[in-house]
Amino acid sequence: MKRPKLNPVVIALLLAVLLFALGGILRPGFASHAQAMNILRLAALLGVIAAGQTLVIISGGEGIDLSVGAVITLSATLTYRLVNGDNGMVLPALGLTLLVGLLIGVINGLGITLLRIPPLVMTLGMTGVVQGLVLVVTQGQMQGAVAPIMARLVARPLALGIPGVVLIWVVLGVAMWLVLQRTAYGKRLFAIGVNRTTARLSGVRVPRVVVATYGLSGMLAALGGFVLLGYTQIVFLNLGAPYTLPSIAAVVIGGTLLSGGQGGYAGTMAGALVLTLLTSLLTALQMPESARQIVYGGTLLVLLSVYGRQRALRQ
Amino acid sequence: MHQIALTAHQLVKRYGGVVALADGSLEVRSGEVVALVGANGSGKSTLGKIITGAVAPDGGQLILDGRAVHFPSPQAARRAGIAAVYQDLSLVPDLTVAENIWLAHEPIGWGWRVRRGAMREATARLLDLFAGTVRSTLTPETPVAALPPDERQIVEILKALSLNPRLMILDEATASLDSNQVARLFELVARWKAEGMAVIFVSHRMEEIFRLADRAVVLRSGQTVGTRDLRTTSEQELVALMIEGGLAVESRSAAGATRGAERLRVAGLRAGAVRGVDLSLHDGEIVGLGGLRGQGQTDLLLALFGALPFTGEVRLAGQPVRFTHPSQAMEAGIAFVPGDRTREGLLPIRSILENLLLPSWHRYGALLRLTQARRDAQAMAQRLNLVMESLDAPVSSLSGGNAQKVVLGKWLLREPRLLLLDDPTKGVDVGAKREFYQSLEELRDAGVAILLYSSDDEELLGLCDRVLVLRDGQVRAELAGPTLTRAELVSASIGALMGETS
Amino acid sequence: MSYAPAMTATTQVRRALAGRSYLFSVLLLIIVVSINYALQPNMFRPASLSGNLRTYLPLMLLAAGQAIIVIGGGIDLSIGAIVSLVNVIIVRALGVDPSPGRIALAIALGLLAGTLAGAFNGLCAAYLRFQPIITTFATSFVFSGLALWVLPSPGGVVPPDLLRAYAANPLRIPLAIWVAALVLLLWGALRATRFGTYLYAVGGQPLSAYVTGVPVSLVRLASYSIGGLLAACGSLALTLNTGTGDPLVGGPMTLPSVVAVVIGGTRLSGGQGGIAGALIGVVVLRLLDSIISFANVPSWWQTFAQGMIVMVALAGPGLVALVRGQRP
């Protein structure tokens with residue numbers, strides 16, 4: 001138990017640096033400032049999306065939120081329609097989508113606590129429902145437009161050549177750190193992640209914390225959808241789905257225990273960077289889709305072997 | 001039965017930097033019961049687990065019948081005729097009693113099929129050994145999940161027995177059993193011994209060790225420090241060997257100093273195994289809950305703490321209350337130290353700081369004032385004389401006694417008016433127990449009302465002002481003053497059970 | 001306190017249901033079949049029955065494999081990728097106008113690939129002790145990458161004789177029913193062996209099983225391998241049904257396989273349940289889809305309706321418990 005452990009955040013950051021250097025050596029231009037900013041921007045998108053996932057995984061009880069992808073699509077779709085190119089509508093639209101995301105997450109949490117549906121299954125089922133909602137909202141036609149201010153915020157450099165989305169990410173990072181380390185909610189979240197009986201017998205209202213956590217996850221996914229829309233500037237039915245599993249992978253790479261009760265958002269941020277770098281590197285090397293997928297999966301397995309291993313039965 | 005002679009020679013086991021066993025040595029042969037004794041964390045269980053192949057040693061030798069052996073798995077040890085009854089149970093809840101007992105050595109018939117009929121019959125024969133001490137609902141087809149702890153323990157014993165072992169290790173096997181069941185087990189062990197079985201008996205209970213064992217091997221801090229013939233050794237001598245520096249006089253509390261106002265009154269309470277309990281508890285008083293295991297003591301405490309739904313009347317300082325969640329009971333000044341530290345009282349992988357403050361975070365503002373919280377936790381750690389690396393070390397790095405201090409400390413930080421304790425010193429070594437009693441007495445003197453369930457009669461006698469003996473979920477006797485004696489306590493609980501079985 | 005209500009009626013009911021965890025799915029099946037029959041009275045006509053079951057069979061085999069893995073305490077999120085991989089391997093190995101020997105070889109290769117893929121998952125989860133969910137998520141990329149490498153874009157043909165054989169109705173009973181019965185029979189035989197008990201013990205309480213001497217890692221490896229083999233069988237059925245190869249065909253089947261296992265009454269935490277429920281779960285899922293398409297639901301609402309119905313099916317047991325628990 002007590003063997004000296006490498007800090008997962010440090011491992012992930014080292015890996016990110018390694019990948020970046022590797023990219024620079026193999027493909028001149030990969031390590032350029034513009035490319036670095038682009039990678040940072042993509043990492044920020046994934047990082048924002050994976051914030052809620054971090055909370056849910058820390059909450060334990062096989063916690064996982066597979067509905068983030070669908071919520072992202074729904075949020076982007078709603079924003080796209082509501083904003084319709086009007087800067088003045090951006091804030092109301094953001095408020096509404098966050099509310100919708102919160103609501104979806106709360107329903108997830110209620111299903112998990114009240115009806116005792118396993119999180120994997122509950123959020124999976126919710127994915128189908130939300131995908132259905134997207135179709136109902138759009139009726140097959142993606143109408144609307146991105147407001148100029150959103151594009152400006154996310155896609156272009158905001159200050160000092162740093163894209164706005166990266167600044168949003170940093171602010172979110174600080175907020176997440178405060179929530180996890182400096183609030184009673186954060187302390188209780190870790191507690192229920194380790195042992196729900198102990199938490200309950202210490203006065204923690206476990207179901208409330210669980211519902212709040214899934215609610216937050218839904219809300220953060222909706223925020224992710226809003227930010228993603230600023231980047232893509234266009235909505236399609238499959239917009240969010242490819243982010244679901246990377247959001248989990250980013251959390252795991254960052255060293256948060258899948259069994260709950262230990263971890264943090266700094267790790268997830270590093271994990272998002274590693275995943276994005278890996279994807280960008282494979283794209284830059286012009287690997288065929290098949291090789292990219294194999295390398296992607298293989299890397300995940302390697303990372304799992306570094307610190308994703310469970311305890312041996314025999315000691 | 002084949003003869004057996006096993007020698008463990010200077011076995012070593014390290015977990016990371018922590019040495020669990022530095023020099024584990026013992027000898028045991030057919031027809032002999034050897035007790036393995038030592039304080040918590042002395043390495044008894046580790047030594048036992050190495051012998052059964054569940055733990056791989058880092059050094060030393062196991063010599064079986066004159067030859068050095070190495071067990072790569074529990075199966076290998078079982079093939080050599082060594083079976084174990086573990087402290088932490090090794091049963092699978094979803095399987096039936098029969099499936100559990102014969103797991104991994106099922107009788108196999110045609111087409112590799114398990115012969116379920118044969119398995120059932122053999123199980124029924126094994127269950128007959130404990131007939132009369134268990135409920136009639138314990139059958140070969142009962143799922144283990146439906147059994148109370150004592151019956152699970154018995155299934156565990158029968159599971160080891162089903163292997164026809166030459167050497168059986170009983171690791172705290174009596175911890176969950178009531179006295180009838182213990183008596184039956186000891187009869188059986190005597191019979192097995194006569195048939196030539198060797199038995200290693202690991203226990204905290206001195207009285208049982210002297211009743212059952214021929215020799216005692218004493219471990220201290222992972223080292224075998226001596227072997228004693230129990231016919232020529234006194235209890236004091238053995239305990240002195242267990243704890244460094246000899247044994248001081250046993251702590252006994254004076255009778256309750258000042259009894260304050262009535263803190264708790266319960267009338268007709270029913271919850272889980274509790275079937276109508278009336279009781280009254282005053283400030284500055286320690287009231288014990290006695291009786292055999294599983295007579296409703298734990299459920300009573302859980303109900304009072306709002307963790308188990310109940311019917312009936314509960315008044316706290318005169319006010320009727322009905323808690324539906326522990327947080328409400330906590331608001332009203334109640335604290336609860338649960339019986340199973342690891343599963344109910346602690347967050348093992350989190351820091352000592354977080355464990356101590358878990359019930360109290362709301363007091364430190366919306367954006368937690370961590371400096372102040374740390375100061376409070378540090379003060380509590382000092383007050384309880386907590387031996388630790390730092391407040392940021394995980395609780396799992398603490399010994400049993402220190403971990404129990406954390407459980408108590410997290411409640412003392414809330415300054416409770418009513419303290420509920422569910423067998424708090426189970427598995428805690430002698431030294432830590434004494435400190436724990438001292439803390440309780442200080443609290444009592446400070447006017448806290450304390451309701452304590454203990455499976456250790458000595459503890460109830462030494463600590464409590466009054467003891468309520470529970471049987472079948474009801475208070476059957478109240479012992480205080482001159483009637484609070486060991487004989488009364490035992491007869492109130494055991495006499496009652498005899499009446500039931502007849 | 002966990003054992004205290006051992007004598008209550010609820011527990012007795014639960015005990016009576018133990019080992020019959022599929023009963024809830026049977027109830028659902030009856031409801032769904034009734035509604036389907038009302039909307040579509042010809043559903044029991046041999047032709048449509050046989051045709052429907054043909055399309056159900058691949059997912060049924062997949063769910064059976066998933067159920068065995070879940071009972072053993074794991075989960076396989078790569079099972080759909082295994083289907084894709086086996087599908088393209090079979091189609092590529094068949095080539096154009098294959099001889100009978102080549103057909104046998106192609107099928108054997110496909111089944112072997114599926115078993116090996118499952119065994120690889122098992123190796124990672126059991127011997128290297130990776131978290132099952134994230135491991136199989138990672139291997140799903142490896143397997144679908146391999147599938148894309150074997151066959152970068154959809155194509156290939158399956159000989160018509162094989163397609164006809166798959167559409168056969170021996171003794172006037174659809175082939176799918178024969179296959180399902182065979183799977184259940186083999187499962188029953190397996191369940192009665194020592195391995196059967198091991199599987200449940202390992203899924204329920206691995207540490208206890210280990211200490212007792214159950215070869216936990218081996219049992220896990222076997223459960224993933226059997227799961228992989230069944231996924232390969234499912235892929236074979238799919239290939240014979242669609243008659244072509246597609247490197248992305250299996251992906252969308254992973255999640256329904258898990259949902260079917262849950263509808264079939266198997267706990268995702270392992271150690272309990274069975275595959276009969278999973279098979280029924282698939283039929284329930286598929287019939288729900290057909291209800292929606294036949295019930296004149298406006299097309300843009302269909303996905304939503306399907307999602308809601310799946311949610312209700314998943315919530316069913318919990319809702320019942322909730323209502324019952326709140327009664328005084």
Side-chain angles (χ1 to χ4, degrees), chain A residues 1-8 57-61 113 174-212 255-264 307 310-315, chain B residues 13-18 20 46 49 53-56 72-74 302 305-307 325-331 334-338 340-351 353-355 357-370 373 394-397 407 410-411 414:
Chain A
M1 291 276 290
K2 262 204 151 185
R3 106 191 79 146
K5 269 186 284 191
L6 280 169
N7 186 341
I57 289 178
I58 290 174
S59 80
T113 51
V174 173
M176 286 286 289
W177 180 80
L178 282 175
V179 165
L180 285 174
Q181 300 302 326
R182 295 293 297 274
T183 65
Y185 162 77
K187 299 292 183 189
R188 289 176 187 144
L189 180 66
F190 282 110
I192 68 165
V194 180
N195 185 333
R196 296 199 170 176
T197 311
T198 297
R200 175 166 177 267
L201 289 177
S202 303
V204 177
R205 292 189 176 262
V206 177
R208 272 189 208 173
V209 179
V210 173
V211 172
T256 296
L257 283 187
L258 266 176
S259 51
Q262 200 151 49
Y307 43 68
Q310 298 169 306
R311 280 180 53 194
L313 293 173
R314 180 179 165 89
Q315 293 155 354
Chain B
K13 178 65 194 175
R14 283 182 291 267
Y15 294 104
V18 179
T46 309
K49 282 183 180 163
V55 167
S73 70
L302 285 171
F305 194 55
H325 191 277
S327 62
Q328 298 165 346
M330 285 161 58
E331 287 294 307
I334 305 182
F336 173 61
V337 174
D340 188 331
R341 270 192 302 283
T342 330
R343 291 201 190 91
E344 299 171 343
L346 293 170
L347 310 170
I349 61 171
R350 304 302 300 179
S351 68
L353 177 88
E354 281 188 26
N355 272 279
L357 291 168
L358 181 58
S360 314
W361 285 118
H362 61 95
R363 284 193 293 177
Y364 296 95
L367 207 59
L368 300 173
R369 295 186 299 275
L370 285 183
V395 157
S396 55
S397 69
V407 183
K410 78 179 192 185
W411 292 113
R414 289 184 61 93

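The chains referred to below are lettered A, B, ... by the order of the sequence lines, with proteins before strands, and numbering in each begins at 1. Any value given below was found using the heavy atoms of this structure, including those in side chains, with hydrogens, waters and symmetry copies removed.
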Heavy atoms from other residues, nucleotides or ligands near CZ of A:Arg208 exceed 12 (cutoff 6.0 Å):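 No, because the 6.0 Å sphere around CZ of A:Arg208 holds 12 heavy atoms or fewer from other groups.
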
Non-hydrogen atoms of [X] and [Y] that approach each other most closely:
{"X": "B:Trp411", "Y": "A:Ser202", "value": "CH2-CA, 3.8 Å"}
{"X": "A:Val194", "Y": "B:Pro348", "value": "CG1-CD, 3.8 Å"}
{"X": "B:Arg343", "Y": "A:Thr198", "value": "O-OG1, 3.4 Å"}
{"X": "B:Leu358", "Y": "A:Ala199", "value": "CD2-CA, 4.3 Å"}
{"X": "B:Glu344", "Y": "A:Asn195", "value": "N-ND2, 4.4 Å"}
{"X": "B:Leu370", "Y": "A:Arg182", "value": "CD1-CD, 3.3 Å"}

Gap between atom CG of A:Leu201 and atom CE of B:Met330 - 0.5 Å precision: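 It is 10.0 Å, given to the nearest 0.5 Å.
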
Distance (rounded to the nearest 0.5 Å) between B:Leu346 CG and A:Thr197 OG1: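 The distance works out to 12.5 Å.
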
Among B:Gly306, B:Pro326, B:Pro338, residue most engaged with chain A (heavy-atom pairs, under 4.5 Å):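 Sorted descending by pairs with chain A, the first entry is B:Pro326.
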
Under 4.5 Å from any heavy atom of chain A - which part of B:Thr342: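 The backbone, not the side chain.
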
Contact origin within B:Leu367 toward chain A - heavy atom pairs under 4.5 Å: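 Its backbone and side chain both get close to chain A.
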
Donor-acceptor contact below 3.5 Å, side chain A:Arg188 vs main chain B:Trp361: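 The answer is no, because no donor-acceptor pair under 3.5 Å joins these two groups.
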
Contact check, side chains of A:Gln262 and B:Arg350, non-hydrogen atoms, under 4.5 Å: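 Yes, their side chains come closer than 4.5 Å.
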
Sub-4.5 Å side-chain heavy-atom contact between B:Leu357 and A:Lys187: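 Result no, sub-4.5 Å side-chain heavy-atom pair not found.
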
Atom group of A:Val204 that falls short of 4.5 Å from chain B, counting heavy atoms: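 Contact with chain B involves both backbone and side-chain atoms of A:Val204.
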
A:Arg205 and B:Ser327 side chains, donor-acceptor separation under 3.5 Å: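 Judged by distance alone, the side chains do pair up.
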
